[in-house]
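Below, chains carry the letters A, B, ... as their sequence lines are ordered, and counting in each starts from 1. From a predicted model like this one, the values you see are computed outputs, not experimental measurements.
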Number of protein chains: 2
Amino acid sequence: MPDWRSICPLSSALDVFGDKWSLLIIRDLAMYGTRTYSEFLNAPEKISTNILASRLKTLEEFLLIEHVNSDASSRGNPYKLTESGVDLLPVAIAFRVWALKYLPEFHENLSDFPVIIK
Amino acid sequence: MPDWRSICPLSSALDVFGDKWSLLIIRDLAMYGTRTYSEFLNAPEKISTNILASRLKTLEEFLLIEHVNSDASSRGNPYKLTESGVDLLPVAIAFRVWALKYLPEFHENLSDFPVIIK
DNA sequence: CCGCATCCGTTACGATACTG
DNA sequence: CAGTATCGTAACGGATGCGG
C-alpha cells in the first residue's frame with residue numbers, strides 16, 4: 001500500500017500507477033484478453049522479470065487483474081482484467097489519442113497499434 | 001529525449017509521462033490557469049525543488065507547457081498549458097473518474113477535488 | 001526572496017542468474 | 001514456466017547554495 005501523497009484522486013491513482021509499466025500490462029490484457037507471465041515478457045518493450053512480478057502483484061492487490069482460474073496454481077494460469085481493470089482502459093485510450101496527435105514530431109517511428117478488448 | 005521502448009503510442013506516452021508528478025503539474029495548471037514555480041511547490045503533494053525543475057523542463061521540451069511571457073525572464077513568470085497540454089486533460093480526467101470509483105476502498109480519506117480549466 | 005542547480009544519502013529500477 | 005535473489009545503475013528526495 002503506498003503512502004498516499006494527498007487526498008486528490010488523480011494523485012492517488014498516480015500513487016498506484018505512476019510508472020512506465022502498469023498500463024502496458026493493462027494494454028496487453030486488453031489486446032489479447034488473457035496473458036501468461038511469459039507472454040507479458042514477449043511484449044516489445046521487454047520488461048524484466050522482477051519488475052513484471054512486482055507490477056503483477058500490485059495490480060492484483062488493487063483488484064485490477066486476476067488469474068483466469070482463481071484457485072489453481074499460477075503455473076500456466078493466465079491473467080485477465082477485472083471490471084476495475086477494464087475501467088482503466090479510458091486512461092490508456094486517452095494516452096493513445098494524445099500520443100498519436102502530439103508525439104510523432106518527437107518519435108519518428110511511432111505507429112498505430114490497436115487496443116482491443118477480446 | 002527518452003529511449004523509446006517501442007513504437008506503441010501508449011508506451012511512448014509513458015516514456016514521457018510515466019511518473020508520479022507530470023500529470024499533477026498539468027492538473028495544477030488546469031485548476032488555476034497559470035502557476036509559478038513556488039505555487040507548484042505549495043501543492044499538497046510537496047514535490048521537491050529538483051524534481052519540479054526537472055519535470056518542468058521535460059514538459060517544456062515536449063511543448064505541453066510554456067511561460068506566460070514568452071520572452072521575459074523566468075522570475076515570477078508563470079507557466080500555462082499549451083494546446084498539447086490542454087489535450088492531456090482527458091487522461092487526467094479518466095484517471096480521476098477511475099480513482100473516484102475504485103480507490104475509496106483502499107484510500108479512506110480520498111476526496112473529490114475538481115480539475116477545471118480557467 | 002524566487003527560480004532553480006548541486007550535493008548526497010536512500011530508494012527504485014533493470015539485467016542477469018538462479019530456483020522450485 | 002513463473003517467479004526470486006543478487007547487484008550495479010539510475011532516479012528520487014531533502015538540504016543547501018547561489019545568482020538575479
Can a donor-acceptor pair be found, under 3.5 Å and without considering hydrogens, that links the side chain of A:D19 to the backbone of A:W21?
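A pair under 3.5 Å: yes.
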
Determine whether a donor-acceptor pair (N or O, by modelled atom type, separation under 3.5 Å) exists between the side chain of A:S11 and the backbone of A:I7.
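No, because the side chain of A:S11 does not come within donor-acceptor range (under 3.5 Å) of the backbone of A:I7.
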
Nearest whole Å is fine: how far is [N] [atom2] from [X] [atom1]?
{"X": "B:R5", "N": "C:dA15", "atom1": "CZ", "atom2": "C1'", "answer": "16 Å"}
{"X": "B:L56", "N": "C:dG3", "atom1": "CG", "atom2": "P", "answer": "10 Å"}
{"X": "A:E60", "N": "D:dG3", "atom1": "CD", "atom2": "C1'", "answer": "12 Å"}
{"X": "B:N42", "N": "C:dC2", "atom1": "CG", "atom2": "P", "answer": "9 Å"}
{"X": "A:N50", "N": "D:dC1", "atom1": "CG", "atom2": "C1'", "answer": "16 Å"}
{"X": "A:L52", "N": "D:dA2", "atom1": "CG", "atom2": "P", "answer": "10 Å"}
{"X": "B:D19", "N": "D:dA10", "atom1": "CG", "atom2": "C1'", "answer": "14 Å"}
{"X": "B:L41", "N": "C:dC2", "atom1": "CG", "atom2": "P", "answer": "10 Å"}

Hey, does the side chain of [X] come within less than 4.0 Å of [N]'s phosphate (OP1/OP2), counting only N and O?
{"X": "A:Y37", "N": "D:dT4", "value": "no"}
{"X": "A:Y79", "N": "D:dG3", "value": "yes"}
{"X": "A:T49", "N": "D:dG3", "value": "no"}
{"X": "A:W21", "N": "C:dC13", "value": "no"}

First of A:K57 and B:S54 reached from the 5' end of DNA chain D, by closest nucleotide:
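Closer to the 5' end of DNA chain D: A:K57.
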
Reading DNA chain D from 5' onward, which residue's closest nucleotide shows up sooner: A:R75 or A:A53?
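That would be A:R75.
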
What's [X] touching, base or sugar-phosphate or nothing? Going by heavy atoms closer than 4.0 Å.
{"X": "B:S74", "value": "sugar-phosphate"}
{"X": "B:F40", "value": "nothing"}
{"X": "B:S73", "value": "nothing"}

What are the two closest non-hydrogen atoms of A:F95 and B:A13, and how far apart are they?
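Distance-wise, the nearest heavy atoms are CD2-CB, 3.6 Å.
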
Nearest listed nucleotide, side chain of A:S48, among D:dC12, C:dT16, D:dG20
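Looking only at side-chain atoms, A:S48 lies closest to C:dT16.
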
Which nucleotide in the list C:dC2, C:dC13, C:dA5 gets nearest to the side chain of A:R55?
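It is C:dC13.
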
Pair A:K101, B:E83 - check salt bridge (Lys or Arg N to Asp or Glu O under 4.0 Å), show working.
CA-CA 11 Å; A:K101 185 168 181 186; B:E83 184 201 326; 3.7 Å; yes

What about the rings of B:W98 and A:F17, do their centers lie closer together than 6.0 Å?
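Between A:F17 and B:W98, which both carry aromatic rings, the centre distance is below 6.0 Å.
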
